[in-house]
Number of protein chains: 2
Amino acid sequence: METLAIGDLAARSGVAPSALRYYEREGLIRSTRTAGNQRRYLRSELRRVAFIKIAQQVGVSLDEIREALAELPEGRTPTKADWARLSARWRGKLEERILLMQRLRDQLTGCIGCGCLSLQRCNLINPGDRLAARGTGPQMIINPPD
Amino acid sequence: METLAIGDLAARSGVAPSALRYYEREGLIRSTRTAGNQRRYLRSELRRVAFIKIAQQVGVSLDEIREALAELPEGRTPTKADWARLSARWRGKLEERILLMQRLRDQLTGCIGCGCLSLQRCNLINPGDRLAARGTGPQMIINPPD
DNA sequence: CTGCAACTTAAAGTGAACTTCAACTCAAGG
DNA sequence: CCTTGAGTTGAAGTTCACTTTAAGTTGCAG
């Protein structure tokens with residue numbers, strides 16, 4: 001068994017076949033076809049799916065994940081080093097996010113208790129970029145106290 | 001200016017009027033009406049909106065936020081202590097989430113590099129509860145290495 | 001060769017969290 | 001008093017990340 005059928009990839013990755021087809025439509029993973037038009041995946045696609053799942057954990061949108069995956073080498077199967085380079089980038093994002101959460105934790109109680117939650121000067125919340133944004137609409141991000 | 005019109009609350013909280021109306025329909029905030037049927041908010045609603053925004057940061061759904069807010073005292077304006085009690089609960093969730101992220105960070109590179117991303121035995125990802133879940137569909141959660 | 005689980009597609013549906021629209025009313029400064 | 005910006009409603013639209021459905025095709029075990 002050289003390649004995987006969609007059901008196999010689904011079983012091994014824990015991602016539903018419908019989601020895998022969706023990922024393919026969205027350009028996140030790739031497959032070849034049999035004579036009868038069924039998808040066959042290289043085993044290396046498993047790692048791609050794993051990466052997608054991990055990135056989603058970190059709060060990255062499929063759009064951003066696609067961009068990241070686009071940096072993997074075309075043509076050859078990515079090596080350990082290729083993956084390491086990519087995940088190093090997520091490490092940075094993760095690090096940022098952890099710091100954010102820690103700041104939030106440290107200031108949460110005090111900030112809700114105090115009057116500063118007029119939100120105008122409170123350094124806990126402020127409009128900004130969308131690091132932590134998931135789902136729809138604009139999201140707010142914690143602002144460093146500086 | 002005793003109470004706030006919806007535009008004032010929007011300006012002060014950074015939440016769009018349409019979102020505030022939505023929150024009200026969903027039972028997250030409350031308002032009284034003028035003779036001409038316009039919404040007027042107590043200043044204490046500002047704190048409610050702030051709480052909603054912070055909880056969203058932590059990854060809590062509006063449903064869960066509504067449940068939490070339901071524990072605030074009916075009738076009287078919540079005190080500092082009421083808010084402190086509530087935010088203490090989010091602190092726990094936050095703490096959990098931070099630990100999760102740290103574990104993820106510590107194992108990310110190794111795990112992507114190694115063969116374990118067959119996802120079958122990898123202790124980085126596993127199906128489970130939905131602590132970090134935001135948005136639609138089932139989400140995967142990091143499983144403690146134990 | 002047959003039967004049946006697993007696959008294929010396009011299109012429509014889902015749920016969360018809003019936003020936009022149209023048509024209308026209110027409130028307050030000049 | 002009048003104008004104009006702010007507010008009102010219900011209904012429909014939007015985005016993300018999928019899932020479901022319907023109608024049909026493939027691949028392999030027996």
Side-chain angles (χ1 to χ4, degrees), chain A residues 1-29 31-41 49 51-67 69 127 130 132-140, chain B residues 1-29 31-41 49 51-67 69 127 130 132-140:
Chain A
M1 220 212 244
E2 266 277 289
T3 55
L4 304 168
I6 196 168
D8 302 334
L9 183 58
R12 281 175 185 286
S13 68
V15 172
S18 61
L20 293 173
R21 290 193 197 98
Y22 173 71
Y23 289 165
E24 192 171 334
R25 272 202 303 285
E26 294 293 303
L28 289 155
I29 58 177
S31 64
T32 55
R33 299 299 179 111
T34 64
N37 197 36
Q38 296 199 357
R39 287 172 181 81
R40 286 303 122 98
Y41 296 95
V49 176
F51 183 80
I52 294 168
K53 284 178 64 176
I54 290 177
Q56 283 189 312
Q57 270 298 314
V58 183
V60 180
S61 72
L62 289 189
D63 258 29
E64 292 174 287
I65 296 172
R66 180 186 21 246
E67 277 175 52
L69 286 172
R130 24 179 39 241
R134 281 259 287 151
T136 344
Q139 297 266 340
M140 297 301 165
Chain B
M1 219 211 246
E2 267 277 289
T3 55
L4 305 168
I6 196 166
D8 303 333
L9 183 56
R12 282 176 184 284
S13 68
V15 173
S18 61
L20 292 173
R21 290 193 198 98
Y22 174 72
Y23 289 165
E24 192 171 333
R25 272 202 305 285
E26 294 292 303
L28 290 155
I29 60 178
S31 66
T32 53
R33 299 298 180 112
T34 64
N37 197 37
Q38 296 200 355
R39 288 172 182 81
R40 286 304 121 97
Y41 297 95
V49 176
F51 183 79
I52 293 168
K53 284 177 64 175
I54 290 178
Q56 283 188 313
Q57 269 299 314
V58 182
V60 181
S61 72
L62 289 189
D63 258 29
E64 292 175 287
I65 296 172
R66 179 184 24 242
E67 277 175 51
L69 286 172
R130 25 181 34 244
R134 282 260 286 150
T136 347
Q139 296 267 342
M140 298 301 164

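Naming convention: chains lettered A, B, ... in sequence-line order (proteins, then strands); numbering from 1 in each chain.
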note: A/Leu20, atom CG; C/dA6, atom C1'; distance rounded to Å ~ 14 Å
In this structure, CG of B/Leu20 is separated from CD1 of B/Ile29 (nearest 0.5 Å) by 5.0 Å
Test side chain to side chain contact (heavy atoms under 4.5 Å, CB included) applied to B/Leu28 and B/Tyr22, step by step = CA-CA 9 Å; B/Leu28 290 155; B/Tyr22 174 72; 5.9 Å; no
Out of C/dA17, C/dC7, D/dT8, minimum distance to the side chain of B/Arg33 belongs to D/dT8
Of the candidates C/dT19, D/dC18, D/dA17, the side chain of A/Gln56 sits closest to D/dC18
| said: Tell me if a side-chain donor or acceptor on A/Arg66 pairs with a main-chain N or O of A/Glu26 at a distance below 3.5 Å. | reply: yes
Contact check, residues 34-41 of chain B vs DNA chain C, heavy-atom distance under 4.0 Å, returns B/Thr34, B/Gly36, B/Gln38
| message | Is the phosphate of D/dA17 approached by A/Tyr23 (side-chain N or O, under 4.0 Å from OP1 or OP2)? | response | no
Axis-to-axis angle for the helix from C/dC1-D/dG30 to C/dG30-D/dC1, ends of five pairs each, to 10°, equals 0°
Shortest non-hydrogen pair, A/Ala10 vs A/Ala16, comes out as CB-C, 4.3 Å
* Just by distance, do the side chain of A/Lys53 and the backbone of A/Val15 share a donor-acceptor pair under 3.5 Å? -> no
Rounded to whole Å, CG of B/Asp8 lies from C1' of D/dA6 at a distance of 10 Å
Here the pair of heavy atoms bringing B/Tyr41 nearest to B/Ser31 is CE2-CB, 3.5 Å
B/Ile6 CD1 to C/dA27 P, in whole Å, measures 15 Å
| task | Take A/Leu4 and A/Arg39 through the side chain to side chain contact (heavy atoms under 4.5 Å, CB included) test and state the conclusion after the steps. | result | CA-CA 8 Å; A/Leu4 304 168; A/Arg39 287 172 181 81; over 6 Å; no
All heavy atoms of A/Ile65 vs all of A/Ile52, minimum pair found to be CD1-O, 3.7 Å
Rounded to whole Å, CD of A/Glu24 lies from P of D/dT19 at a distance of 15 Å
Among the nucleotides C/dT8, C/dT19, D/dT20, whichever has the atom closest to the side chain of A/Arg21 is C/dT8
From CD of B/Glu64 across to P of C/dA16 the rounded distance in Å is 11 Å
Out of D/dT20, C/dT19, C/dC7, minimum distance to the side chain of B/Arg25 belongs to C/dT19
Atom CG of A/Leu4 and atom C1' of D/dG27 are separated, to the nearest Å, by 16 Å
B/Ile52 atom CD1 is separated from C/dA17 atom P, nearest whole Å, by 11 Å
side-chain hydrogen bond (donor to acceptor under 3.5 Å, both in side chains) filter on B/Arg33, not counting sequence neighbours, yields B/Asn37
Ranking D/dT19, C/dT9, C/dT19 by distance to the side chain of A/Tyr22, first place goes to D/dT19
